[in-house]
Structures are given as structure tokens and as C-alpha cells.
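In what follows, a structure is listed as C-alpha cells, so that the remarks can point back to it.
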Amino acid sequence: MSQFPKPLFIFFFFNLLVSLSLSWPLSLHLPLTSRRLTQTTNSSTFTNSLLSRRNPSSPYSFRSNIKYSMALILSLPIGTPAQTQELVLDTGSQLSWIQCHRKKIKKPLPPTMSFDPSLSSSFSNLPCSHPLCKPRIPDFTLPTSCDSNRLCHYSYFYADGTFAEGNLVKEKFTFSNSQTTPPLILGCATESTDEKGILGMNLGRLSFVSQAKISKFSYCIPTRSNRPGLASTGSFYLGENPNSRGFKYVSLLTFPQSQRMPNLDPLAYTVPLQGIIIGQKRLNIPASVFRPDAGGSGQTMVDSGSEFTHLVDVAYDKVKEEIVRLVGPRLKKDYVYGSTADMCFDGNNPMEIGRLIGDLVFDFGRGVEILVEKQRLLINVGGGVHCVGIGRSSMLGAASNIIGNVHQQNLWVEFDVTNRRVGFSKADCSRLS
């Protein structure tokens, strides 16, 4: 069972011929809290990319705090009247789902964690006749079925054994009397192994970004506290960010619908990583390792829902080779964290080891980079163990490079969907709250 990044969905919601006639643009800035997320998306299906749509900028811009420890949790008001729900902010998945009120509660949840449909006048179920319950694409199978009430039932199964199931529904996000989304398609989970829902923010037609016509969103993840259970506070925006003047942007890679590759997720935020630098040394990794090959393997995505960064074997081996050269005798022998990360160290001297290794840089070219400073290079994983926050993708069953949230700390990260780009800017995120 994976310990940190998002597990692979074994269902596909991405290649649906669904027409969503939502035309209302939304720009909001809302509260987040944090938790561990164990989910990784690896889709080989295709849909019309949201990147081809030019959403007008919204006149709204709302700011609130986030709290971060291992993943991001966004508190959103859903329904009429609104019920606040906690959702994991996930740029690597599509369909959003919420925890719904259970008639038979196996594990009682706090009131803010469970949505009661009977209290909302804007709630509606999707019937079995809805296109989502009648997929017309024969190459892929959707895990939907008709339940005994002729409602559209779905099931999510994760690679680590977790799951969520319930009905597909429509519901509004009610932020205020004057700011309410149209009814959006969501999952309403009545059974799950997790306490939180998911806010799907990738480029798929069913994502919150697509359905609510979000033109851009951004977040600033603070440095994670080394004290267990203590969350740090940062910031999150939907819509315009007043700090964006200092952002440096890299264009997203896009993939036509005809470019079918079995290992490619065309709905991810795919960026053209050029190389990796450790200390003053640029590692001998061809740029092609970070781009999709003929089968789609090797794409590099920015993923808020994965904790650690993960690299394909060629890149991971080069990183580990350099770490071994610099601090090999200090590596913890026969230790693998989360089944994927084996560059770990015992003891209470992570700063010293970080100084010996140096800064880590993910280079996108043209002056755009993610700089991980040496003093925060190692991640406290408990038990006196600290790890370089990089794992091996193949151990996840993934064929992608994934930039996780541990390497997005103290950065503004903006997803500018309208202009097909991702922006970065160094910041002291804890001071923005």
C-alpha cells in the first residue's frame, strides 16, 4: 500500500462524450487545511483538452489561508444553504467527490466532513439515463451502474486498497448569495475508506476547473513543520492572484486527441522539465527522459495531490548515483520509505546532510526553475528518519515524472489554464496568511 503519493485509479472518467453547457466563470480564494493523500492518476484515456477553451478572466479574487502538512485540504461551501466540506486539492485527478450523509454510520465523522443531501435544495441525483451511465466509447469501461433506485452508481478503486463509492449527483458550490456555481457533477460517496473528499482540478471535462470555468488558480505551500500533527499555514486562490507580476511561466505541453499513448495522462499539467541540478552539478540526464516517448512514458506533471516527487528509472538512478557519491556512507541501509524512496538517513542531523548534498534544482529552461534549498532538502518521515523527497515512479506502477508538493514549498504555483502555462515564484508562504 502506497504511503504518500496518489494511488492509481483503475477506472476511467476521461474519455466521455459529455456536453457540459456551463458558461459562468468563477474566481475565488478559499480556505485549505492539510492531510496525507495517497492517490496517483495514470490515465491513458483522452478527452477534448480544456486548454483549447479561452475562459474570460473573472472579476472576483478571494484569498484565504491554507494549512499544509502532507497534502492540501480545501474547505468549500457546498449546497443550498451551504455545508462546509473538506476536500483534498488535487491537480492530478478529474472527478470531484464529497463525503455524503450515511444512514448507517460505521465510523462517525465530524459534522463538517459529511454532506447531508436532504438539507440542500439544489441537490439532485443523476439518473441511469444520464450519458455518464451510458458510455458510448467501447475501448474503456466505466465503473458505473444502475442502483435499485435507478440512480447512477459509481465506484473508485485505488491501487493501495482504498476505495470510494456512491451516486453521481449535481450540486452547487454556494460561496455567497451572489457567487454560486451552476450545478456541477460530483460523486456523493456513501462508502469510503477516507474521511475527506477530492476536489479534482486537472484538465478533464468533469474537473472542477472545467465545469466551473476556472481560468486560473494558484497556491503557496508553506514549509512543512517537523512536528507531527502541526500544520503550517499558506495561501490559495481561485482566479486572479495579485502577486502574479513576479511569476515566471513555462508553457504546458498539450496533446491532440489523436495522439493516443497508453502511458500518457493528457489531462495532467504537463511541463517541459529540462534537467536536474544537485549542488553545482547538472546531472547527465537527457531532456528526453522528462518528455513523453512514443508510448507516453516520461511525461512530467505538477501534482498537488502527491507528497513526494517521483522520477522514472533513468532519472532516479542518476539522482541516487549523485547522492551516493556525496553522502553514500550515511545512507540508511535496506530502508525504503513508502515502497518507493530509498535515499534516507538516520539521526538528527538533516541540516548537515543537506549542506553536504547542496541545493536541488528542477530546471525548465529560460530562467524558470524550482529551487529546493539544501536546508529543506530532507523530509522528516518519522522515527528519526529523514529522506530526500524523491521516489521511484516504477514502484508506483507509474511511467511518469511527478513533481510532488514537498518540492512546491515556499513557491507560488499558478495554473493559468487560459494561457496554457504554469507560473512559479519564490515566496515565504507562511508570511502570506
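- Across every non-hydrogen atom of L371 and V361, the tightest pair is CD1-CG2, 3.6 Å.
- Not counting sequence neighbours, the partners of T270 by the side chain to side chain donor-acceptor pair (under 3.5 Å) test are Q299.
- Atoms CG and CD, on L76 and Q85 in that order, are 9.0 Å from each other to the nearest 0.5 Å.
- By the 4.5 Å heavy-atom criterion applied to side chains, V417 and Y269 are counted as neighbours.
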Pair Y219-Q408, side chain to side chain donor-acceptor pair (under 3.5 Å): steps then yes or no
CA-CA 9 Å; Y219 51 71; Q408 299 175 51; 2.5 Å; yes

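- At least one donor-acceptor pair under 3.5 Å links the side chain of S232 to the backbone N or O of T223.
- Within the 4.5 Å cutoff, side-chain heavy atoms of D90 are placed close to those of D303.
- The ring pair (Phe, Tyr, Trp, His ring centres under 6.0 Å) test applied to F424 returns F364, not counting sequence neighbours.
- Inter-residue side-chain proximity for V381 and Y335 is flagged as met; some heavy-atom pair is nearer than 4.5 Å.
- Not a single donor-acceptor pair under 3.5 Å links the side chain of S393 to the backbone N or O of A399.
- For the atom pair CD (E240) and OG (S215), the distance works out to 6.0 Å, reported to the nearest 0.5 Å.
- Counting only distance, with no hydrogens or angles, the side chain of T233 and the backbone of S430 share no donor-acceptor pair below 3.5 Å.
- Partners of F362 under the ring pair (Phe, Tyr, Trp, His ring centres under 6.0 Å) rule, at least two apart in sequence or in another chain, are H407.
- Of all heavy-atom pairs spanning K374 and D359, the tightest one is N-OD1, 2.8 Å.
- To the nearest 0.5 Å, atoms CD (Q409) and SG (C220) are separated by 10.5 Å.
- Residues satisfying the salt bridge (Lys or Arg N to Asp or Glu O under 4.0 Å) test with R330, not counting sequence neighbours, are E352.
- Under the side chain to side chain donor-acceptor pair (under 3.5 Å) criterion, S244 pairs with no residue, sequence neighbours left out.
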Step by step, work out the side chain to side chain donor-acceptor pair (under 3.5 Å) result for N405 and Y68.
CA-CA 10 Å; N405 59 53; Y68 167 73; 2.7 Å; yes

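- For the residue pair S304 and L89, the shortest heavy atom distance occurs at OG-O, 2.8 Å.
- Shown here for Q211 and R205, the closest heavy-atom pair between the two residues is CG-O, 3.5 Å.
- For the pair I403 and T300, the minimum side-chain heavy-atom distance is below 4.5 Å.
- Contact check for I402 versus M301: side-chain heavy atoms found under the 4.5 Å cut-off.
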Please report the C-alpha distance between L252 and V422 in whole Å, then the side-chain angles of each, then the deciding distance to 0.1 Å, and finally whether the side chain to side chain contact (heavy atoms under 4.5 Å, CB included) criterion is met.
CA-CA 7 Å; L252 291 170; V422 176; 3.4 Å; yes

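- Residues satisfying the salt bridge (Lys or Arg N to Asp or Glu O under 4.0 Å) criterion with R392, sequence neighbours excluded, are D313, D317.
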Could you go through the side chain to side chain contact (heavy atoms under 4.5 Å, CB included) check for S207 and Q94 one step at a time?
CA-CA 4 Å; S207 73; Q94 180 175 188; 4.3 Å; yes

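- At a cut-off of 3.5 Å, with distance as the only test, a side-chain donor of S192 or Q99 sits close to an acceptor on the other residue.
- By the side chain to side chain donor-acceptor pair (under 3.5 Å) test, S425 is found to be paired with no residue, residues two or more places apart in sequence or in another chain being considered.
- Applying the side chain to side chain donor-acceptor pair (under 3.5 Å) rule to K320 yields the partners D342; only residues at least two apart in sequence or on another chain are considered.
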Could you give me the CA-CA distance, side-chain angles and deciding distance for L360 and I277, then say whether side chain to side chain contact (heavy atoms under 4.5 Å, CB included) is met?
CA-CA 6 Å; L360 170 68; I277 302 167; over 6 Å; no

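- The closest side-chain heavy-atom distance from L87 to I198 is not below 4.5 Å.
- Between atom CD1 of residue I98 and atom CD1 of residue I78 there is a gap of 5.0 Å, rounded to the nearest 0.5 Å.
- Counting only distance, with no hydrogens or angles, the side chain of N202 and the backbone of A268 share no donor-acceptor pair below 3.5 Å.
- By the side-chain contact (heavy atoms from CB on, under 4.5 Å) test, Q274 pairs with P272, R282, A287, R291, D363, sequence neighbours left out.
- For K426, the salt bridge (Lys or Arg N to Asp or Glu O under 4.0 Å) partners are E373, not counting sequence neighbours.
- No hydrogens or angles considered: nothing links the side chains of D116 and S114 as a donor-acceptor pair under 3.5 Å.
- Nearest heavy-atom pair, S218 versus N241, reported as atom, atom and distance to 0.1 Å: OG-ND2, 2.9 Å.
- Residues W97 and K196 approach most closely at CH2-O, 3.3 Å, considering heavy atoms.
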Determine, step by step, whether H310 and Y316 satisfy the side chain to side chain contact (heavy atoms under 4.5 Å, CB included) criterion, reporting the C-alpha distance in whole Å, the side-chain angles of both residues, the deciding distance to 0.1 Å, and the verdict.
CA-CA 8 Å; H310 284 77; Y316 187 86; over 6 Å; no

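- For F345, there are no ring pair (Phe, Tyr, Trp, His ring centres under 6.0 Å) partners two or more places apart in sequence or in a different chain.
- Note: L203 CG to S210 OG = 8.5 Å, rounded to the nearest 0.5 Å.
- Residues satisfying the salt bridge (Lys or Arg N to Asp or Glu O under 4.0 Å) test with D346, not counting sequence neighbours, are K332.
- L326 is not listed as a side-chain neighbour of L356, based on a closest heavy-atom distance of 4.5 Å or more.
- Between M351 and R355 the shortest side-chain heavy-atom distance falls below 4.5 Å.
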Carefully, step by step, assess D416 and T418 under the rule side chain to side chain donor-acceptor pair (under 3.5 Å).
CA-CA 6 Å; D416 185 348; T418 300; 4.6 Å; no

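- Between the SG atom in C429 and the CG atom in N410 there is a gap of 5.0 Å [rounded to 0.5 Å].
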